[in-house]
Amino acid sequence: MADRPALDEDARARGRELALEARRRRAEIKRFLADGGSVREVIAMRDHDPAVARMKARDLVEACPGIGPTRAGRILAQCRVAESRRLRGLGEHQVSALISALEGAGPERGRLLVLSGPSGVGKSSVVAQLRAQRPDLVFSVSATTRAPRAGEVDGVHYRFVDHPGFESMIARGQLLEWAEFAGQLYGTPAEPVEEALAAGKDVLLEIELQGARQVRDSAPGAIRVFLAPPSWEVLVERLQGRRTESAEVIERRLATARVELAAEGEFDHTVVNASVEEAAAAILGLLDQAAPVAAP
Ligand code: 5GP
């Protein structure tokens, strides 16, 4: 192999120095953006600052406060900017789209996840797993007229109310959705859900089918997941094994479950509950891909 000219070593050292300098400069720009600095100003610097010119558009977007990788991907797609595009390669339209998307961004609203499925499919276990894995997920506490089961705490598992109390919530428009299930009333109080979404928190509703249908109309951006049993036999076994209800109640729930299973196709996604951990992981994957729900 021929000897490299001595000059090459110097050139390489200089190259390394320049690269280091450019990285330092980009880190500075990112801090400026994270502190609320103007996106417009940064993009304008590309004309005289080579480090800024070589900065990736994705890095610029992700450096803005409150923007994580998923949201950054959505903003780039919405502004028609390729993932690998550098600031020097942005066209005029892309620049103005990015500026308006980022300067008007504000805190992102949360996402609404609706989990439904037949009685006995294991919704509560999956919900417990979801909450353990994602403690910042807000679980909507439903109002219900049914009596508390052993271990259920008012305000934690449900808000236990009497019939007149529930009816006054309906009359005042305080429920996002409500339904009658196995002879009792169940409903989602609207205000806590809206407050959490507005604060950028993701919200989980664990509700039955009629309620899920109402949410489809009242919150079109919600992501609706149907939790299915591995088979009908497994579902019957689980319902009979619970032994917290009378034979008559179990029979009624099985009849409802048959109808509910037939509604699977109305949902955005089906997740089979073969194992609680896998079902929860699949649901979180769906949640992470979802877009925020629009303001009412
Ligand atoms: P359980 O009595 O076993 O706690 O709940 C019975 C059914 O009511 C379950 O399918 C549960 O998902 C549903 N449910 C619980 N809360 C609500 C609610 O706020 N709205 C609706 N529509 N269904 C609910």
Side-chain angles (χ1 to χ4, degrees), residues 112-131 137-163 165-170 172-194 196-197 203-219 222-229 235-236 238-246 248-264 266-267 270-271 273 276 279-280 283:
L112 184 58
L113 176 72
V114 177
L115 184 66
S116 207
S119 184
V121 74
K123 278 175 291 181
S124 324
S125 318
V126 171
V127 165
Q129 181 71 21
L130 288 171
R131 296 178 75 185
L137 194 58
V138 174
F139 176 71
S140 159
V141 179
S142 299
T144 183
T145 57
R146 94 150 156 68
R149 291 192 190 118
E152 283 183 337
V153 178
D154 186 34
V156 175
H157 299 94
Y158 280 106
R159 272 166 65 184
F160 297 101
V161 297
D162 57 12
H163 266 83
F166 198 99
E167 266 148 28
S168 107
M169 292 172 95
I170 299 175
R172 293 178 191 192
Q174 290 174 341
L175 298 176
L176 185 67
E177 59 73 35
W178 66 274
E180 187 174 338
F181 183 90
Q184 300 295 339
L185 299 173
Y186 295 82
T188 304
E191 203 177 293
V193 171
E194 177 46 34
L197 291 174
V203 178
L204 170 63
L205 307 188
E206 189 250 281
I207 59 178
E208 53 67 70
L209 177 64
Q210 305 160 63
R213 284 194 182 116
Q214 292 168 45
V215 174
R216 179 181 54 193
D217 300 328
S218 57
I223 162 163
R224 293 170 320 119
V225 176
F226 187 83
L227 192 65
L235 185 64
V236 174
R238 284 184 190 166
L239 268 176
Q240 289 172 340
R242 189 144 84 180
R243 301 205 185 287
T244 48
E245 266 87 19
S246 66
E248 191 203 335
V249 169
I250 290 177
E251 210 29 69
R252 239 187 314 167
R253 286 187 177 214
L254 276 176
T256 308
R258 259 181 226 109
V259 176
E260 290 199 313
L261 275 179
E264 181 186 331
E266 295 177 30
F267 284 75
T270 294
V271 169
N273 186 19
V276 169
I283 292 168

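Below, all heavy atoms of this structure are taken into account, side chains as well, without hydrogens, waters or symmetry copies. Remember, it's 1-based here, ligands and their atoms both numbered in the order they're listed.
- Taking CD1 of Ile207 as the reference point, atom CZ of Arg224 lies at 9.0 Å (rounded to 0.5 Å).
- Between Tyr186 and ligand 1, at least one N/O pair is under 3.5 Å apart.
- Heavy-atom minimum distance, Leu235 versus Ala257: CD2-CB, 3.9 Å.
- For the residue pair Asn273 and Arg238, the shortest heavy atom distance occurs at O-NH2, 3.3 Å.
- Residue contacts with ligand 1 leave out Gln210, since none of its heavy atoms falls under 4.0 Å from the ligand.
- Residue contacts with ligand 1: Gly187 is placed with a nitrogen or oxygen under 3.5 Å of a nitrogen or oxygen of the ligand (distance criterion only).
- Contact check on Arg131 versus Glu206 returns no salt bridge, with no Lys/Arg side-chain nitrogen under 4.0 Å from an Asp/Glu carboxylate oxygen.
- Between atom CG of residue Asp162 and atom CD of residue Glu167 there is a gap of 9.5 Å, rounded to the nearest 0.5 Å.
- Using a 4.0 Å cut-off to heavy atoms of Glu177, the atoms of ligand 1 that qualify are 18 (C), 19 (O), 20 (N), 21 (C), 22 (N).
- Within ligand 1, the atoms closer than 4.0 Å to a non-hydrogen atom of Ser142 are 16 (N), 17 (C), 18 (C), 19 (O), numbered from 1 in the order shown.
- Which parts of ligand 1 touch Ala179 is read off a 4.0 Å heavy-atom cut-off, strictly below it: atoms 22 (N).
- Contact annotation: Arg253 has at least one heavy atom less than 4.0 Å from an atom of ligand 1.
- Note that CD of Glu177 is 7.0 Å distant from CD of Glu208, once rounded to the nearest 0.5 Å.
- The residue from Glu260, Glu208, Gln214 that puts a heavy atom closest to atom 13 (C) of ligand 1 is Glu208.
- Every atom of ligand 1 is numbered from 1 in the order shown, and the set under 4.0 Å from a heavy atom of Lys123 is 9 (C), 10 (O), 11 (C), 12 (O).
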| said: Determine whether Glu152 and Phe160 satisfy the following criterion, side-chain contact (heavy atoms from CB on, under 4.5 Å), listing intermediate values before the conclusion. | reply: CA-CA 10 Å; Glu152 283 183 337; Phe160 297 101; 3.5 Å; yes

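- Between Glu191 and Pro189, every side-chain heavy-atom pair lies at or beyond the 4.5 Å cut-off.
- The ligand atoms of ligand 1 that sit less than 4.0 angstrom from a heavy atom of Gly211 are 22 (N).
- For atom 21 (C) of ligand 1, the choice among Ile207, Thr256, Val249, Val121 with the nearest heavy atom turns out to be Ile207.
- When each atom of ligand 1 is checked for a heavy atom of Arg146 under 4.0 Å away, the hits are 1 (P), 2 (O), 4 (O).
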| side-chain contact (heavy atoms from CB on, under 4.5 Å) assessment of Phe181 paired with Thr144 | CA-CA 10 Å; Phe181 183 90; Thr144 183; over 6 Å; no

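- No part of Gln184 comes within 4.0 Å of ligand 1, judged by heavy-atom distances.
- Annotation: the span from Leu137 atom CG to Leu204 atom CG amounts to 5.0 Å, rounded to 0.5 Å.
- Geometrically, ligand 1 and Glu152 share no nitrogen or oxygen pair separated by less than 3.5 Å.
- With ligand atoms numbered from 1 in the order given, ligand 1 contributes 1 (P), 2 (O), 3 (O), 4 (O) to contacts under 4.0 Å with heavy atoms of Arg149.
- At a heavy-atom cutoff of 4.0 Å, ligand 1 is contacted by no atom of Arg159, backbone or side chain.
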